[in-house]
A.B. asks: 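Take this structure first; my questions come after.
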Number of protein chains: 2
Amino acid sequence: MARASKNTTTPSPATPGPEQLDTSVLEALVGYNARRASIAIGAEFFERMAPYGLKQADFSVLALLAHNPGATSRQLCATLDILPPNFVSLIAALDRRGLIERRPHPRDGRAVGLHLTDAGHALAQETEKIVVEMESELAGRLTERERTTLQRLLQKFYLGKGEKRETR
Amino acid sequence: MARASKNTTTPSPATPGPEQLDTSVLEALVGYNARRASIAIGAEFFERMAPYGLKQADFSVLALLAHNPGATSRQLCATLDILPPNFVSLIAALDRRGLIERRPHPRDGRAVGLHLTDAGHALAQETEKIVVEMESELAGRLTERERTTLQRLLQKFYLGKGEKRETR
DNA sequence: TATTGTTATACTCTATAACTATA
DNA sequence: TATAGTTATAGAGTATAACAATA
C-alpha cells in the first residue's frame, strides 16, 4: 500500500500532469489530520505489539485494568466506546490466555469484576513500557511542551462537549 | 468507522451512575487521543453529511477532484491510502449519482481521468463549506494559533516518514 | 515485464435485535 | 421495569490473489 503523499503548499496546476495531488484542502481539516495520524500511529502500534498478540483494544483494556482493578465490562465499554456485544469475544480471549480473571461483583450479582492475573500484570507492564517508548520515538520531533499541548488540544475534541444528540 | 461517541460521560455525578475509571494512562498517549478525536469528529461528520449521502472517503475524493481535475484512480488511491479494489465501488457510486465523469486519459490508454460534473462541483463546494464550518464549531475553544499548531503537530506523525511501512 | 483498473473473496471491525439473570 | 452480560447476525471497512487491457 502506498504511503501518504507529501503536500506541496503551492496550488496544483489544472492539468493532470504531475504525480502528486494538491491535498491542501484536506490538510486544513483537523478531522483529516487526526485520522491520518491515528492510522499511522496505529500501524506502528500493530507492528510492535504483534509479538504479544495485542491489538489496540486489548492493550487499552489491560492498561485500564492495571489501574482500575475490578472494573466491569460495562465500565470498560463505556470508557473505550466499545459496544457490549463486541466486548464479549475480546474479554473471552484475554481470559483464555490467562491474562484476566472474572470474579463475582461484591455488590451486584449481575456484574462481573475483572482483574489482571500475575501474567496479565506482567504483560500490561511490559507492553505499556513499549508503547510509551514508541510514542517517544514517534514524537521525537516534538518538544515536551509541544507534546503536552497536542494532548490537550486533541482532548478538547472528544472530552466534555456537554450537549450531545443521540445517534440514530 | 462512524463510532457513536455518545459516551463522553459528562463529569456530572449521576446517582445510580457508574464509577468513573482512571484513564490517565491512556490519555497520556498521542495515539489514544488522536484515535478518540478522530472518532468523535468522524461521528459529527457522519451526521452532517448524512443528508448528502457522503462518507469521509467520498468527501475526500470530491474535494481532491475539485482541486485536481483529471486525477486518476491510482493517484487518488495513493493519496488517500485506499486500496484500488476498494476504490472501484466508491467511484462507481459517485458515477451513478452523476457527480463525476470518466474521460479517457490523454496520454495513457490504461488510465481514466476523473472529473467533477456540474452537480459534482456544486456538491463539493457545498459540503466543503459545511465541513469547514463544522470544524470551526468543534474547534471553538481553540484559538486560531492553537488550531494551526495542532495541524502541524499531527502532520508530523504521518508525513515524511513513509519509507518503512508497506501496509495501511 | 510492469502498470491501470477490475473481479472475486475473505477477514476484521462495528452495529442492531433479542435473550438471561439479576436488580 | 431497567440493567449487565451474552448470543446471533448483519453490515461496513480493509486485505490479498488474479485477470484483461495497455504501456
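Hydrogens, waters and symmetry mates are skipped; everything else that's a heavy atom, side chains included, is used.
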A.B. asks: Assign a letter to each nucleotide of nucleotides 18-23 of chain C from its 5' end: B, base within under 4.0 Å of a protein heavy atom; S, sugar-phosphate only; -, no contact.
C.D. replies: ----BS
A.B. asks: As a quick check of understanding, evaluate side chain to side chain contact (heavy atoms under 4.5 Å, CB included) for D81(B) and R36(A), giving each step before the final call.
C.D. replies: CA-CA 9 Å; D81(B) 256 334; R36(A) 295 303 298 262; 3.2 Å; yes
A.B. asks: Can you tabulate the close N/O pairs, meaning under 3.5 Å, that link protein atoms to atoms of nucleotides 10-12 of chain C?
C.D. replies:
none

A.B. asks: Can you sort out the partners of Y32(B) under ring pair (Phe, Tyr, Trp, His ring centres under 6.0 Å), two or more places apart, ordered by chain and number?
C.D. replies: none
A.B. asks: Check the distance between dT14(D)'s P and L90(B)'s CG and give it to me in whole angstrom.
C.D. replies: 11 Å
A.B. asks: Side chain of A111(B), heavy atoms from C-beta onward: which of dG5(C), dA15(C), dT16(D) has the nearest atom to it?
C.D. replies: dG5(C)
A.B. asks: Rounded to whole Å, please give me the gap between CG in L80(B) and P in dG13(D).
C.D. replies: 14 Å
A.B. asks: Show the numbers, then the answer: is there a side chain to side chain contact (heavy atoms under 4.5 Å, CB included) between E44(B) and L138(B)?
C.D. replies: CA-CA 9 Å; E44(B) 187 66 29; L138(B) 292 183; 4.3 Å; yes
A.B. asks: Would you say the side chains of D58(B) and Y52(B) form a donor-acceptor pair under 3.5 Å?
C.D. replies: no
A.B. asks: Rounding to a whole Å, what distance do you find between L83(A):CG and dT9(D):P?
C.D. replies: 19 Å
A.B. asks: How many Å lie between CD on Q56(B) and C1' on dT14(D), as a whole number?
C.D. replies: 15 Å
A.B. asks: For I91(A) and dT7(D), give me the distance from atom CD1 to atom C1', rounded to whole Å.
C.D. replies: 17 Å
A.B. asks: Go through it in stages, so that I can follow the logic: the residues are M49(A) and I130(A), the test is side chain to side chain contact (heavy atoms under 4.5 Å, CB included), and I'd like the CA-CA distance, side-chain angles, deciding distance and then a yes or no.
C.D. replies: CA-CA 8 Å; M49(A) 285 299 108; I130(A) 292 178; 3.6 Å; yes
A.B. asks: Please check if atom CZ in F46(A) has more than 12 non-hydrogen atoms from other residues, nucleotides or ligands closer than 6.0 Å.
C.D. replies: no
A.B. asks: Salt bridge (charged side-chain N to carboxylate O under 4.0 Å, His left out), that's the test. Do E137(A) and R48(A) meet it? Break it down for me.
C.D. replies: CA-CA 12 Å; E137(A) 288 182 33; R48(A) 305 212 187 187; 2.9 Å; yes
A.B. asks: Of all the choices, dA15(C), dT16(D), dG5(C), which nucleotide is nearest to the side chain of N86(A) once you look at every atom?
C.D. replies: dA15(C)
A.B. asks: Quick check for you: among dT6(D), dA4(D), dT4(C), whose closest atom lies nearest to any side-chain atom of R74(A)?
C.D. replies: dA4(D)
A.B. asks: The side chain of R102(B) is closest to which nucleotide in this list: dT6(C), dA15(D), dA15(C)?
C.D. replies: dT6(C)
A.B. asks: So F59(A) and L29(B), side chain to side chain contact (heavy atoms under 4.5 Å, CB included) or not? Walk me through it.
C.D. replies: CA-CA 12 Å; F59(A) 170 81; L29(B) 301 173; 3.9 Å; yes
A.B. asks: Output the rounded distance in Å from CD1 (I39(B)) to C1' (dT14(C)).
C.D. replies: 11 Å
A.B. asks: Distance check needed: dA15(C) P versus F87(A) CZ, whole Å only.
C.D. replies: 15 Å
A.B. asks: In whole angstroms, how far is the C1' atom of dT3(C) from the NE2 atom of H105(B)?
C.D. replies: 13 Å
A.B. asks: As an exercise, state the distance from CG of L21(A) to CG of L64(B), rounded to the nearest 0.5 Å.
C.D. replies: 6.0 Å
